[in-house]
Number of protein chains: 2
Amino acid sequence: MNLTSDQISILKLAFKPLELSVEKHPLFFEQWQEDSFERYEFITEAGKIERYFYIIESGVQIIYILDHSGNKRVLGFSFDGSYSGVYDSFLDQKPSSYFIESLTPSKVLKIDKSQYNSFFENYPEFEHWGRIIHAKLFVGRVEREIELITLTAKERFEVFSKRCPEPLKNIPQKYLASYLNMTPETYSRLRAEL
Amino acid sequence: MNLTSDQISILKLAFKPLELSVEKHPLFFEQWQEDSFERYEFITEAGKIERYFYIIESGVQIIYILDHSGNKRVLGFSFDGSYSGVYDSFLDQKPSSYFIESLTPSKVLKIDKSQYNSFFENYPEFEHWGRIIHAKLFVGRVEREIELITLTAKERFEVFSKRCPEPLKNIPQKYLASYLNMTPETYSRLRAEL
DNA sequence: GTGATTTCTTGATCCAGGTCAAGATTATTT
DNA sequence: AAATAATCTTGACCTGGATCAAGAAATCAC
C-alpha cells in the first residue's frame, strides 16, 4: 500500500514525538490501509471486538456507550489526525461496550492488531512513544474526571465553549451536551444565557 | 541500598508483568530507597513538584484535590504494592494540584526521576511494561468515569461495597463517600438502607 | 422547493442528592 | 478512664438540573 504525502503528514501529525521518516521506518508507512465511512455509519458497535487502530484523516467520529435507559453517553470525539477506536477491546481482543460512529463522512488510516504489534517489535522507539502517549491519555482522563466532579453544568459549559475545537462546531449540540454530562435542554438554556 | 526479600516481593508484585530478577536487573533492585510516613502526614501537596515514584509496602495513602469550596475530592487510594505519587507532576516536573496523604502509618519504596528514567534507558523491556501499564491505567480511568456518569449514588455505593478492598475497610467513611462522589450524609443513609 | 425528520428552545414540574443542624458514636489524647 | 475531638447518623429543607411536553427552527430526502 502506498500512502500519499497528505496521508503521511496525517500519520506524522498523529505520531509527532516519534520523528518518523519514510526511509527509516518503511514498515510503518507501508502497512496502513485507507478506509472511509459515511455520515452516521458505525465504525464499531458494543459487543464486537475492535479489529483496528485508526487515525482520522478527515471528518468527526464520536465514541459513546448506552446507559441503562438507552441514552447515548458521549465519552469523546476524534478528528484531524487523532486516534480513534475502542482501545480496551483492541488491546485485549475482547468484546467492548462502546459504539463509534462517524458524525460526518470520514476518512481514516487503519492497521490491524498484528501490524500494530509488529511495529512495536520492529521499532523499539515505538514502545517509548506508546508509554508517553498512554501516560498523557491517562492524565487527560483524570483531568476530565475532575471537571465532571467539581464543576457545575454552567462551569463545564463555559470551560468547554472557550476551547471547543473547530471540527466540533458543526455537529449537533446534543452530542456536546452529552459529552458535558448534561441534557440538551440544559445545554440550550446555558447557551441562551450566553 | 540493599532491599530485604520482603521488599523485593513488593516490587515484584508491583511490576508483575516484568518478570524481574535480582540477577538480571541488579540496577532495578539497587536504587529503591525506603521511606515511611505517619498517620495524616502529607507525602506531597498542591503547588509542589513530585520528586518520587512510590510503591506502597504497607499502609493506605489517599490522593485528592481541593475544590472551589475547599472540600477534599478523593480521586483514589494506594496500598499493598500499588503505585502512589502525583503522576503528571512527576513526569513533567511541574507543580501539581494534588495532595497525597497517608491515612495510616505507611512504608514505601521510592525512586527519583533520574533513577526512573535510567531504568527505561537500561532495561528496554521497561518501556513495554510502561506502555501496557499506562494503557491499563487509562482504560481504568475511563471505566470509573462511566460509573460516575451513568450510575446513581445508590448504584455506585452498591458496586463499590461489593468490591471494596480489605485495606479500605478501616478508613473513615467520609473518604469513601468522597471517592464515590457523594456527601458523607448520603453515604450514611445508603448504608442504613443496607 | 416542499414535506418529513430531526434538532433546538422554552416553560412547567419534579426529585436525587446536597446543605444545614444537632445529637449519638467512636476514636484519640492525656 | 475522663476529657476532647472527630466521625457518623438522622431529620428538615432546598436546589441544580432532569424530565415531560409542545411549539419553532433547521436540516434532510425526494
Side-chain angles (χ1 to χ4, degrees), chain A residues 37-42 59-60 62 64 66-74 77 101-106 147-161 164 167-194, chain B residues 37-42 59-60 62 64 66-74 77 101-105 146-161 164 167-194:
Chain A
F37 300 94
E38 291 168 26
R39 191 145 94 107
Y40 300 140
E41 187 176 349
F42 285 100
V60 177
I62 190 173
Y64 62 84
L66 293 181
D67 64 19
H68 304 326
S69 321
N71 296 316
K72 292 180 184 179
R73 308 299 291 256
V74 176
F77 304 94
E101 197 179 330
S102 199
L103 287 185
T104 66
S106 62
E147 290 190 356
L148 287 173
I149 283 179
T150 63
L151 302 183
T152 62
K154 186 175 182 177
E155 289 167 332
R156 295 198 301 279
F157 174 83
E158 284 167 350
V159 168
F160 179 77
S161 299
C164 177
L168 299 188
K169 292 194 170 148
N170 297 314
I171 68 170
Q173 287 176 24
K174 59 178 185 170
Y175 297 116
L176 303 178
S178 174
Y179 177 68
L180 295 176
N181 198 27
M182 64 184 74
T183 59
E185 292 93 329
T186 297
Y187 189 96
S188 173
R189 279 184 252 265
L190 289 170
R191 203 157 175 268
E193 282 186 40
L194 263 150
Chain B
F37 300 93
E38 292 168 25
R39 190 144 93 109
Y40 301 138
E41 186 175 349
F42 284 101
V60 177
I62 191 173
Y64 62 84
L66 294 181
D67 66 19
H68 303 326
S69 322
N71 296 316
K72 292 180 185 179
R73 308 299 291 255
V74 176
F77 305 94
E101 196 178 329
S102 199
L103 287 185
T104 65
I146 289 173
E147 290 189 357
L148 287 172
I149 282 179
T150 63
L151 302 184
T152 62
K154 186 175 183 180
E155 289 167 331
R156 296 198 299 280
F157 174 82
E158 284 168 352
V159 168
F160 180 76
S161 298
C164 177
L168 300 188
K169 293 196 170 145
N170 298 315
I171 67 170
Q173 287 176 24
K174 59 177 184 170
Y175 297 116
L176 302 178
S178 174
Y179 177 67
L180 294 177
N181 197 29
M182 64 184 77
T183 59
E185 291 93 330
T186 297
Y187 189 96
S188 173
R189 278 183 252 264
L190 290 170
R191 203 157 176 270
E193 282 185 40
L194 264 150

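Computed from heavy atoms alone, side chains included, the values below leave out hydrogens, waters and symmetry copies. Numbers restart at 1 for each chain; the letters A, B, ... are given by sequence-line order, proteins then strands.
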Search all heavy atoms of [X] against all heavy atoms of [Y] and return the closest pair with its distance.
| X | Y | result |
| --- | --- | --- |
| B:Val74 | B:Ser178 | N-OG, 2.8 Å |
| A:Tyr175 | A:Lys72 | OH-NZ, 3.9 Å |
| A:Glu38 | A:Ser102 | O-CB, 3.5 Å |
| B:Thr104 | B:Val60 | OG1-N, 3.0 Å |
| B:Arg156 | B:Leu151 | NH1-O, 2.9 Å |

Does any non-hydrogen side-chain atom of [Y] lie less than 4.5 Å from one of [X]?
| X | Y | value |
| --- | --- | --- |
| A:Tyr179 | A:Leu168 | no |
| A:Phe157 | A:Leu176 | no |
| B:Lys154 | B:Thr186 | no |
| B:Ile149 | A:Leu148 | yes |
| B:Cys164 | B:Lys169 | yes |
| B:Glu101 | B:Phe42 | yes |

Check your understanding: Closer to the 5' end of DNA chain C via nearest nucleotide, is it B:Tyr40 or B:Thr183?
Key ->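 Result: B:Thr183.
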Review point. Taking for each residue the nucleotide of DNA chain C bearing the nearest heavy atom, is the 5' side occupied by B:Asn181 or by B:Arg39?
Key: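 Going by which nucleotide is closer to the 5' end, it is B:Asn181.
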Take the protein atom [atom1] of [X] and the nucleotide atom [atom2] of [N], then report the distance between them rounded to whole Å.
| X | N | atom1 | atom2 | result |
| --- | --- | --- | --- | --- |
| A:Asp67 | D:dA18 | CG | C1' | 13 Å |
| A:Leu103 | D:dT27 | CG | C1' | 15 Å |
| A:His68 | D:dT19 | NE2 | P | 13 Å |

Exercise for review: Estimate the overall bend of the helix from C:dG1-D:dC30 to C:dT30-D:dA1 from the end axes over five pairs each, rounded to 10 degrees.
Suggested key: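 The helix from C:dG1-D:dC30 to C:dT30-D:dA1 shows an end-to-end axis angle of 70°.
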Exercise for review: Indicate for each nucleotide in nucleotides 8-15 of chain D, in 5' to 3' sequence, whether protein heavy atoms under 4.0 Å reach the base (B), only the sugar-phosphate (S), or nothing (-).
Suggested key: SBBBB---
**Study point:** First and last nucleotide of DNA chain C, 5' to 3', lying under 4.0 Å from heavy atoms of chain B
**Key:**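 Contacts span C:dG17 to C:dT28, reading 5' to 3'.
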